[in-house]
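First comes the structure, then the notes that go with it.
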Amino acid sequence: MVVPAATMPAGPTAIPAVPAVVAAPQSAVAGRLTADRISKVVRGKQTILRTMSLVVEPGQLVAIIGPSGAGKTTLLETLAGLRPASTGVVRRAGSGALGFVPQEDIIHRDLPLGRVLRYAARLRLPAGVGNAEIEEAVDSALTVLRLKDREKVRVGRLSGGERKRASIAVELLARPRFFFLDEPTSGLDPATAAELMRALRRIADSGCTVIMTSHNPPDVDLCDEVLVIAAGGGLAFGGTPAKAREFFDVPAITGIYTRLVEHNRDYWLRRFADDRAGRTDLFAIPTATSVSEPFNEILEPQLVQERRVGPFRQWFLLTVRALDILVHNRLTLLIVLGSPVAILLMFLMLFKPGAFDPVHPIPNTSAMILFWIAFGGFFFGLTYGLLQICTEFPIFFRERFAGVRIWPYVLSKLAALLPLLILVDALLLAVLRWTDRLPKGDFGQLAELFGTLLLASVCAMALGLLASAAVSEPGQATLMLPMLCFPQVLFVGAFLPVPVMALVGRWMSYVMSNRWAFEALGHTAGVEKLWSSGASPLGAPLLASYEDTFSRPAWVDWLIIGGMAVVFLVSCWLILTLKAARRGGRPVR
Ligand SMILES: Nc1ncnc2c1ncn2[C@@H]1O[C@H](COP(=O)(O)OP(=O)(O)OP(=O)(O)O)[C@@H](O)[C@H]1O
C-alpha cells in the first residue's frame with residue numbers, strides 16, 4: 001500500500017505543483033485514501049514530512065508509528081485534511097463524513113454521555129434528520145464502543161479509557177467513511193488499550209478506513225498495515241505488521257524503535273526504497289495513468305455534500321448545550337450566582353443608606369455607589385466570559401472542522417449567559433434601591449439604570465470572550481483578569497474625574513466601557529441636580545471637578561458601549577477564524 005517517493009511515476013508537472021499523474025482507477029474506489037508525493041515544510045524551511053506516497057484501501061486499519069517528534073501527528077492531520085500538504089495531494093475517494101479524534105478529549109465533561117452524543121448528533125448530522133434517526137445513531141455508536149451502560153454517567157466520571165471511547169463515539173455518529181485517531185490508546189492500561197483496538201477493528205471491518213497514530217506496539221498487531229516514520233519525517237517502512245518485523249529483522253514491533261536509532265534516517269529510507277523495488281508484490285502502487293481525467297471531479301470526497309444544519313439552528317443548539325452544561329455544573333453555577341450576592345452584601349456593609357437623599361445627599365458616597373455598580377456589572381460580565389472559550393479549544397476546533405460556524409458559536413456563549421447577567425444586575429439594583437442606596441425615582445429611572453448596567457455587563461462579557469479566544473490556555477486568561485480590570489477602575493473618572501486627569505489618562509478613559517457606564521448611571525441618577533441643589537457643602541466643588549461629565553443623555557453612552565461590544569465580538573470572531581484556519585479547522589470541501 002505504500003509507495004516510496006522515489007518509485008512514484010514522475011508527472012509532467014514537477015512537485016510542488018499538484019501532480020499531473022494521478023491514480024485514477026484505484027482512488028475511485030469509495031473509502032480509498034491516496035497520498036501522492038506529499039510533504040510538509042513549516043516556516044518556509046523546516047521539513048517535518050519528507051516526500052512520501054501511499055494508498056490505504058477501504059476498510060483497512062492502519063497504524064502510524066515512530067519515535068516522538070517524528071511527524072506522526074503531522075502525517076495524520078495531513079491525510080485527514082486538517083493541515084494542507086506543502087507539496088503533493090491527498091485524495092479520499094467517496095462521499096461521507098470524516099471522523100477525527102485528536103489526542104485531547106473533545107467532549108464536555110459536565111454532561112452525561114448520552115446527552116453529549118445527542119447534542120453532537122444534532123450538530124453534525126444533516127439538517128432534517130429526525131429524532132428517531134438521532135436516537136438510532138447514538139444507540140449504534142454506544143453499542144459499537146461498548147458504552148451502552150455508561151450512557152447516563154457524567155463524562156467527567158468516566159474512566160480514561162471510557163472517555164477516549166466516548167470521544168470516538170462522538171465521531172462515529174455521522175458514520176464516517178474515513179476515521180483518523182491521534183494516539184487513541186495513550187495513557188490506557190494494556191487491557192483497556194486492547195479493548196479499544198478491538199472496537200477500532202470492528203469499525204474498520206464495517207467498511208470505514210481507519211488510520212491512527214500509536215506509541216503502543218501491541219496496537220500494531222491488530223492492524224492491517226503499519227507506517228513507520230523515521231525521525232525527521234521520512235517514511236521508513238509501510239506494509240503489514242509481519243512484513244515490518246521481517247524488514248527490520250526483529251521478533252516484535254517494539255524492536256523497530258531500537259533498530260531505527262541504529263542507523264540514520266536516510267539509511268532506512270533508502271533501504272525501504274530498495275527493498276520495495278525488488279518486491280513489487282509487497283505494496284500496492286498507485287497506477288500511473290495519463291491525465292486525461294480531471295481527478296477533482298471523480299475522486300475528491302464530497303464530505304459536506306449533505307445539507308448542513310443552518311447557522312440559526314447551530315446557534316440554538318449551542319446555546320441550549322451551554323445552558324445545560326452550566327446547570328449540570330452545580331459548583332460553577334453556585335460561584336457564578338453566589339459571587340454577585342457576596343459583592344452585594346459588601347456594598348450594603350460599606351455604604352450608608354440615604355446617599356441620594358434630595359435634601360441631605362452624601363455626594364462622594366453617591367459617586368462611589370454608582371461607580372461600584374458599574375464596575376460590578378463589568379466584573380460579572382468579564383468573569384463570566386473569560387473562561388468560556390479557552391477551556392474548550394479542542395472541542396471548538398473539532399466542531400469547527402465538522403462544520404459548526406464561528407458566529408453561532410460566539411453568540412451562543414452570549415445568549416447562554418445573558419439570563420444570568422439579567423438576574424444578577426436586576427438583583428443588584430433592586431436590593432440597592434430597596435435599601436435606600438439609590439435615588440427613589442420612578443420605575444422609568446430604575447429601568448434606565450438597569451439598561452445601562454446590563455449593556456455594560458454584556459460589553460464586558462464580549463471583552464471576556466475576546467480575551468478567552470485570544471489566549472492559548474485557561475491559565476493565561478486568569479492572569480489577564482487584573483490587566484483587564486485595573487484600567488477600568490483607574491481611568492473611569494470615579495476616583496479622579498476625567499477633566500482633572502493627565503492627558504494620556506484622559507485618552508485612555510475614552511476606551512474604558514466602564515467610564516461610559518458610570519457617566520450614564522450618573523446622568524440617570526440625576527447627580528448634577530442632587531449635588532448642586534442638596535444641602536451638602538461637598539456637592540458644588542465635586543460637581544465643578546466633574547464639569548459636564550454627567551450632562552449627556554444615557555442613550556449616547558449606550559451607543560458607545562454597544563459599539564464597543566460589537567468591536568469586541570467581531571474581534572473575537574476574527575481571532576477564532578484565524579486560529580481555526582491556522583489549525584486547518586475549516587470543514588473539508
Ligand atoms: N506548525 C509547526 N511549526 C513548527 N514545527 C512544527 C509544527 N508542527 C509540527 N512541528 C514539528 O514537527 C515535528 C513533528 O511533530 P509531530 O507532532 O507530528 O510529531 P509526532 O511524531 O506526532 O510526535 P509525538 O509522538 O511526540 O506526538 C516536531 O518536531 C514538531 O515540533
Side-chain angles (χ1 to χ4, degrees), residues 2 5 16 33 35 38-54 56 62-88 90 99-106 160 164 167-168 179-188 193 196-197 200 210-220 223 225-238 244 248 253-261 264-266 268-269 272 393-394 397-398 400-401 472-473 575-586:
V2 175
L33 180 146
I38 56 166
S39 71
K40 183 76 187 168
V41 179
V42 290
R43 299 196 192 112
K45 54 182 189 321
Q46 189 193 346
T47 303
I48 55 175
L49 220 52
R50 266 143 237 280
T51 310
M52 64 177 76
S53 298
L54 55 99
V56 180
V62 176
I64 304 174
I65 65 167
S68 261
K72 300 179 293 296
T73 301
T74 306
L75 176 59
L76 189 80
E77 291 183 348
T78 307
L79 296 179
L82 262 89
R83 296 177 81 174
S86 304
T87 65
V90 175
F100 189 94
V101 181
Q103 285 182 26
E104 312 94 334
D105 283 342
I106 47 167
K164 191 50 98 178
S167 285
I168 297 172
F179 206 172
F180 301 87
L181 304 101
D182 198 2
E183 296 188 25
T185 54
S186 74
L188 304 185
L196 184 75
M197 285 306 295
L200 292 179
V210 184
I211 305 179
M212 57 177 275
T213 63
S214 177
H215 273 301
N216 189 27
D219 295 351
V220 176
C223 292
E225 308 268 355
V226 55
L227 301 175
V228 181
I229 307 296
L235 185 60
F237 176 82
F248 287 100
I253 295 291
T254 321
I256 293 176
Y257 291 85
T258 318
R259 292 284 283 143
L260 279 174
V261 292
N264 66 20
R265 178 190 62 230
D266 291 339
W268 288 113
L269 264 57
F272 179 51
F393 272 138
F397 286 126
R398 183 60 199 97
R400 176 77 190 115
F401 186 60
S472 45
E473 44 109 6
I575 286 179
L576 288 178
T577 305
L578 290 174
K579 280 193 171 181
R582 214 179 316 136
R583 286 272 303 231
R586 285 156 300 194

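In each ligand, atom 1 is the first atom listed, and ligand 1 is the first ligand listed.
The residue among Glu183, Arg83, Arg43 with a heavy atom at the shortest distance from atom 1 (N) of ligand 1 is Arg83. The option with the heavy atom closest to atom 2 (C) of ligand 1, from among Ile65, Ile64, Val42, is Val42. Here the shortest heavy-atom distance to atom 29 (O) of ligand 1, taken over Ser186, Gly232, Ser214, Gly69, belongs to Gly69.
Within the 4.5 Å cutoff, side-chain heavy atoms of Phe100 are placed close to those of Glu77. Side-chain contact check for Ile229 versus Met52: some heavy-atom pair is nearer than 4.5 Å. Within the 4.5 Å cutoff, no side-chain heavy atoms of Leu54 are placed close to those of Ile38. At a threshold of 4.5 Å between non-hydrogen side-chain atoms, the residues Val228 and Phe272 do not count as touching.
The protein does not reach atom 31 (O) of ligand 1 closely, with no heavy atom under 4.0 angstrom from it.
The closest donor-acceptor contact from the side chain of Arg50 to the backbone of Gly232 lies under 3.5 Å.
Residues Ser39 and Thr87 bring a donor and an acceptor atom of their side chains to less than 3.5 Å of each other.
Scanning all heavy atoms of the two residues, the minimum distance from Leu188 to Ala193 falls at CB-N, 4.0 Å.
Among all non-hydrogen protein atoms, the one lying nearest atom 22 (O) of ligand 1 is Thr73 OG1, 2.8 Å. Of all protein heavy atoms, the one closest to atom 26 (O) of ligand 1 is Ser68 OG, 3.2 Å. Looking only at heavy atoms of the protein, atom 19 (O) of ligand 1 is closest to Gly71 N, 3.3 Å.
Of all atoms in ligand 1, listed by their number and element, those nearer than 4.0 Å to a heavy atom of Ile48 are 8 (N), 9 (C), 10 (N), 11 (C), 12 (O). Set against the non-hydrogen atoms of His215, the atoms of ligand 1 under 4.0 Å away are 24 (P), 25 (O).
Looking at Thr74 against ligand 1, both its backbone and its side chain come within 4.0 Å, counting heavy atoms.
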